[in-house]
Amino acid sequence: MDERSLRRRIRRITVIVALVSAGILAAGAVASYYLRNILETALTEHMESEAEQYKINIQRQMDADFQTLDTLASFLQYSKMSTDAFVQGFLLSKENNEFEHMGFFGKGNTDINVTIDSDIMKDVSLDMMNDEVQEVVRQAWEGQSGVSRIYEVDGVDMFTYAVPVYRGEEPVGALIAAVGTGAFEKVLQDHSILEGEGYLHMISDSGKLLVRAKDRVVREELETIYDNGYFMPEEQEKIEEAMAAGETCFSEFTYEGVTYQVFLDPINVNGWYLFCVQTAQGVSSTIYHLMTNTRIMTMVVLFLILVVIAYGYGLIYQGNKRLIRTIYYDPLTGAYNMVRFEYNVTPVIQSTYNYSLAALNIRQFKFINEIFGSRTADMLLCYIKKVLAANIREGEYYCRSSEDMFYLLLRDTERDKIRERLEKMIREISRYGFDIRRDYQIMLYCGVVIGTDVRDEDPSVQKALTHVRFALDTARSSLKKSIWFYDTSLHKSEILENYVESHMNQALENQEFKMYLQPKIDLGTGRVGSAEALVRWIPEEGDMIYPGQFIPIFEKNGFCSNLDLYMVEQVCRQIRAWIDEGTTPVPLSVNQSKLLFYEVDYIDKMKGLLEKYQVPGNLITLEILEGLAMGNIDELNEKILRLKELGFRISMDDFGSGYSSLNTMASLKIDEVKFDREFLLRLQERGMDYDRQVVIMSEIVELTKKLKISTVVEGVETQENEDLIKKLGCGYGQGYYYSRPVSVEEFSEKYVDQ
């Protein structure tokens with residue numbers, strides 16, 4: 001940017017400033033009128049912000065306690081110590097934390113309790129503990145960490161953490177630690193709450209006071225916040241409704257003739273809430289002073305603006321230097337920014353292939369910000385810049401692009417040398433983790449593109465950056481390699497991904513997505529009972545594209561919902577064709593993605609397809625993935641019931657592959673369960689737990705019969721597989737043993753009655 005351009009910009013700014021100044025004066029009167037409402041709104045927002053910060057502090061404290069217990073549990077998982085050594089280790093860890101009591105309750109009655117006075121009690125029965133403690137211990141036995149409700153011991157209010165201890169894949173016991181509520185009092189007694197004009201209680205969702213602030217306006221020792229009628233009935237009802245729904249709530253109460261503002265914020269643990277009270281009074285006088293000060297400040301600002309304009313032209317050349325630095329340098333680290341980096345490397349990339357471009361990133365950098373704070377994160381970024389500067393040679397460049405992203409242009413083209421240099425930088429940066437905390441390891445990953453590998457006929461910086469970002473994305477998803485080189489296979493994947501995303505809409509319009517059908521065999525009759533509709537992409541010119549090549553991309557960009565709806569229409573159209581031909585239609589199932597399933601007008605679209613093709617809904621089974629069940633079960637069941645009212649059957653696909661449980665299966669109003677092929681694969685291995693696997697699968701099948709849920713087993717590939725699932729009592733089998741997915745024409749010829 002030259003001086004003439006800067007002068008023109010200043011003239012424009014001068015005109016704009018003059019207009020803004022006039023606008024400021026005109027708006028002054030209006031601002032005074034609205035200031036009171038604005039300040040009152042700001043006060044409520046301030047209360048909400050402060051309560052949120054204290055909630056974060058409480059959650060951080062609990063997370064730290066859980067991390068301590070999880071670390072101890074990890075040691076116990078792999079420890080084979082004697083009982084005495086185990087107890088001494090327990091005592092040693094007890095001395096390094098603020099837990100009142102610690103203990104271990106094993107399923108095999110291996111029970112140890114360590115008190116605050118370092119007393120050791122062995123063979124303590126869980127029945128001797130408080131009900132609240134028993135509850136979280138039993139949860140931990142089931143593999144779930146938890147926090148107990150507050151209970152009283154010798155006049156002291158306490159609560160207990162519990163985490164599972166594993167041997168192999170099974171929980172063998174529970175590690176517990178009891179903490180006094182005094183740990184929360186330290187947070188809630190902060191005198192800086194609302195700049196000293198407020199206080200915090202911790203309450204239960206029933207309104208019971210759990211942790212009281214010492215400095216408070218209400219001097220009575222109340223059992224609940226509703227005692228003595230400080231809240232009006234309508235305010236109490238509003239609070240109770242909000243807490244029953246787990247939501248935040250603003251309210252007010254009157255004490256000794258003074259009204260105080262209240263904000264309730266859920267902590268999301270055991271129904272606990274932060275009860276924040278604003279005690280500041282005299283808002284009107286404060287607003288008056290603020291309005292007066294605002295007028296004064298407005299005049300001062302206008303005066304300063306005029307001064308700046310008057311002297312602006314005289315400071316243009318000095319400002320030019322600062323402007324150039326702002327344009328080309330990263331303000332935090334002092335490294336080149338992306339603009340200057342591209343300016344420097346463009347001649348290199350356009351004139352030679354003898355270069356390598358690398359992108360360096362930090363894994364989970366956002367957690368470093370959250371755990372250690374932004375100042376520590378900024379110091380780490382500055383340290384990375386220092387390491388890169390120390391390892392860069394003449395004619396090479398580096399920059400910080402954004403957040404934790406750094407780019408380097410090196411003159412090496414041999415992979416071994418490049419890897420050696422980058423690994424050296426990564427090791428030096430990783431050592432910084434010891435300065436943050438010894439148990440936290442800084443981990444980095446890197447993508448690299450080498451000019452001699454690509455040999456682009458029309459090279460450009462943007463193409464090279466595209467290649468290196470693709471390699472960086474691959475490195476991020478790989479847990480084994482921290483450095484990933486862009487190569488031919490990556491290039492082909494990149495080309496395919498680009499083709500998929502650039503042609504998907506046109507392909508859908510041209511009906512290049514074809515429906516293939518794979519039969520499901522009724523194990524009782526040996527005949528085709530139904531079929532699953534599967535999609536294949538067959539471009540007008542080119543080879544078939546298989547689902548594994550385009551479905552992951554569609555799930556990432558959201559196009560899967562369009563494709564799923566398209567497939568439902570293909571199913572309806574085919575059933576209509578069979579009916580019109582006078583043949584008995586085969587029931588068909590079709591997958592439904594989570595993205596489509598939760599669209600607002602999803603039910604209406606499905607109803608519209610049934611009406612458009614005039615087909616019975618009971619001939620169509622909608623297969624949903626078990627991951628949908630991780631959300632709100634009641635909301636999911638409501639949508640399922642609405643679909644079933646239209647006649648659709650609902651199937652849980654890939655049962656057992658991830659999140660599913662017997663409880664989930666029992667909670668959902670589904671008609672069918674599809675066992676993931678992993679069930680059969682595990683049984684084929686015939687390992688030591690073969691009999692256990694058979695028993696488990698048999699019991700699940702038996703349970704589905706009692707729940708009147710049909711069963712389908714995927715991955716049937718051998719006679720042995722079929723014999724096994726028949727023996728287990730499964731209803732249907734699906735797999736290559738019967739048939740690969742075939743075109744609709746071939747399926748109709750083979751399986752549909754003429």
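The first residue in the sequence is number 1, and the count goes up from there.
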Around atom OH of Tyr343, are there more than 12 heavy atoms of other residues, nucleotides or ligands at under 6.0 Å?
no

Any side-chain heavy atom of Met379 within less than 4.5 Å of one from Tyr432?
yes

Non-hydrogen side-chain atoms of Asp265 and Glu52 separated by less than 4.5 Å
yes

How about Met338 and Tyr407: do any of their side-chain heavy atoms sit closer than 4.5 Å?
yes

Is a salt bridge present between Arg419 and Asp416, judged by a nitrogen-to-oxygen distance below 4.0 Å?
no

OG-CZ distance between Ser561 and Phe554, expressed to the nearest 0.5 angstrom:
11.0 Å

Determine which pairs satisfy salt bridge (charged side-chain N to carboxylate O under 4.0 Å, His left out) with at least one residue from residues 386-401, sequence neighbours left out, and list them in order.
Asp330-Arg400, Arg393-Asp412, Glu396-Arg421

Is the side chain of Arg536 donor-acceptor paired with the backbone N or O of Tyr546 at a distance under 3.5 Å, no angle test?
no

For the atom pair CD (Glu714) and CD (Glu678), what is the distance rounded to the nearest 0.5 Å?
11.0 Å

For the residue pair Val448 and Ala358, what are the closest heavy atoms and their distance?
CG2-CB, 4.1 Å

Return yes when atom CG of Asp604 has more than 12 non-hydrogen atoms of other residues, nucleotides or ligands closer than 6.0 Å, and no otherwise.
yes

Under 3.5 Å donor-acceptor, Lys639 side chain and Phe597 backbone:
yes

Between Tyr736 and Arg740, is there a cation-pi geometry (under 6.0 Å to ring centre, at most 45° from the normal)?
yes

Could you go step by step and tell me if Gln592 and Tyr602 meet the side chain to side chain donor-acceptor pair (under 3.5 Å) rule?
CA-CA 11 Å; Gln592 302 290 274; Tyr602 173 63; 2.6 Å; yes

Just how far is it from atom CD1 of Ile349 to atom CG of Leu465, taken to the nearest 0.5 Å?
6.5 Å

Check: Thr466 main-chain N/O paired with Arg469 side-chain donor or acceptor under 3.5 Å
no

Glu428/Arg431 ion pair, N-O < 4.0 Å
no

Mind checking whether Lys594 and Leu625 have side chains closer than 4.5 Å, heavy atoms only?
no

Would a 4.5 Å heavy-atom cut-off, applied to side chains only, mark Glu540 and Asn510 as touching?
yes

Met515/Val535 under side-chain contact (heavy atoms from CB on, under 4.5 Å): CA gap, chis, key distance, verdict
CA-CA 5 Å; Met515 183 173 68; Val535 64; over 6 Å; no

Test item: Leu408 and Phe341 side chains (from C-beta on) under 4.5 Å apart, heavy atoms
no

Apply the test side chain to side chain donor-acceptor pair (under 3.5 Å) to residues Ser593 and Asp564: give CA-CA distance (whole Å), side-chain angles for both, the deciding distance (0.1 Å), then the verdict.
CA-CA 7 Å; Ser593 64; Asp564 287 349; 2.8 Å; yes

Can you tell me if Glu623 and Ser589 form a side-chain donor-acceptor pair at under 3.5 Å?
yes

Rounded to the nearest 0.5 Å, the CD1 atom of Ile483 sits from the CD1 atom of Ile418 at a distance of 9.5 Å

Can you label the angle between the Tyr486 ring and the Phe470 ring as parallel, tilted or perpendicular, going by 30° and 60°?
perpendicular

Side-chain heavy-atom pair Ile450, Arg415 within 4.5 angstrom cut-off:
yes

Below 4.0 angstrom, N of the basic side chain to O of the carboxylate: do Lys674 and Glu532 qualify?
yes

Short N-O contact, Arg573 and Glu569, less than 4.0 angstrom:
yes

Residues Glu635 and Tyr598: closest non-hydrogen pair is OE2-CE2, 3.9 Å

So, Ser430 side chain and Ile442 main chain: donor-acceptor pair closer than 3.5 Å or not?
yes

Quick check: are there more than 12 heavy atoms from other residues, nucleotides or ligands sitting under 6.0 Å from NZ of Lys417?
no

Parallel, tilted or perpendicular: which describes the rings of Tyr329 and Tyr336, with under 30° parallel and over 60° perpendicular?
tilted

Let me confirm one number: the CD-CE distance from Glu420 to Met425, rounded to the nearest 0.5 Å.
11.0 Å

Check whether any side-chain N or O of Glu501 sits under 3.5 Å from a backbone N or O of Asn498 as a donor-acceptor pair, and report yes or no.
no

On a heavy-atom basis, which atom in Ile327 and which in Val339 lie closest, and how many Å separate them?
O-CB, 4.2 Å

Set out, in order, the CA-CA distance, both residues' side-chain angles and the distance that settles side-chain contact (heavy atoms from CB on, under 4.5 Å) for Met544 and Lys514, then state yes or no.
CA-CA 10 Å; Met544 177 186 293; Lys514 305 299 182 183; over 6 Å; no

Check the pair Val454, His467 against side-chain contact (heavy atoms from CB on, under 4.5 Å), reporting the backbone distance first and the verdict last.
CA-CA 9 Å; Val454 178; His467 295 329; 4.0 Å; yes

To the closest 0.5 Å, what do you measure between CG (Asp653) and CD1 (Ile624)?
9.5 Å

Chi angles and distances behind the side chain to side chain donor-acceptor pair (under 3.5 Å) call for Gln61, Asp65:
CA-CA 6 Å; Gln61 179 172 330; Asp65 290 341; 4.7 Å; no

Give me the atom names and distance for the closest heavy-atom approach of Ala475 to Ser482.
CB-O, 4.4 Å

In terms of the angle between their ring planes, are Phe513 and Trp537 parallel, tilted or perpendicular, with boundaries placed at 30° and 60°?
tilted

Given side-chain contact (heavy atoms from CB on, under 4.5 Å), test Tyr398 with Asn391 step by step and report yes or no.
CA-CA 10 Å; Tyr398 69 94; Asn391 286 275; over 6 Å; no

Asp63 and Gln59: side chain donor to acceptor below 3.5 Å
no

Between Cys446 and Leu422 the two heavy atoms that sit nearest each other are SG-CD1, 3.8 Å

Please determine whether the number of non-hydrogen atoms from other residues, nucleotides or ligands lying under 6.0 Å from atom NZ of Lys605 exceeds 12.
yes

Between Asp404 and Asn361, is there a donor-acceptor pair closer than 3.5 Å when you use the side chain of the first and the backbone of the second?
no

Of all heavy-atom pairs between Val348 and Asn344, which one has the smallest distance, and what is that distance?
CG2-O, 4.2 Å

Any heavy-atom pair between the side chains of Arg363 and Leu444 that's under 4.5 Å?
no

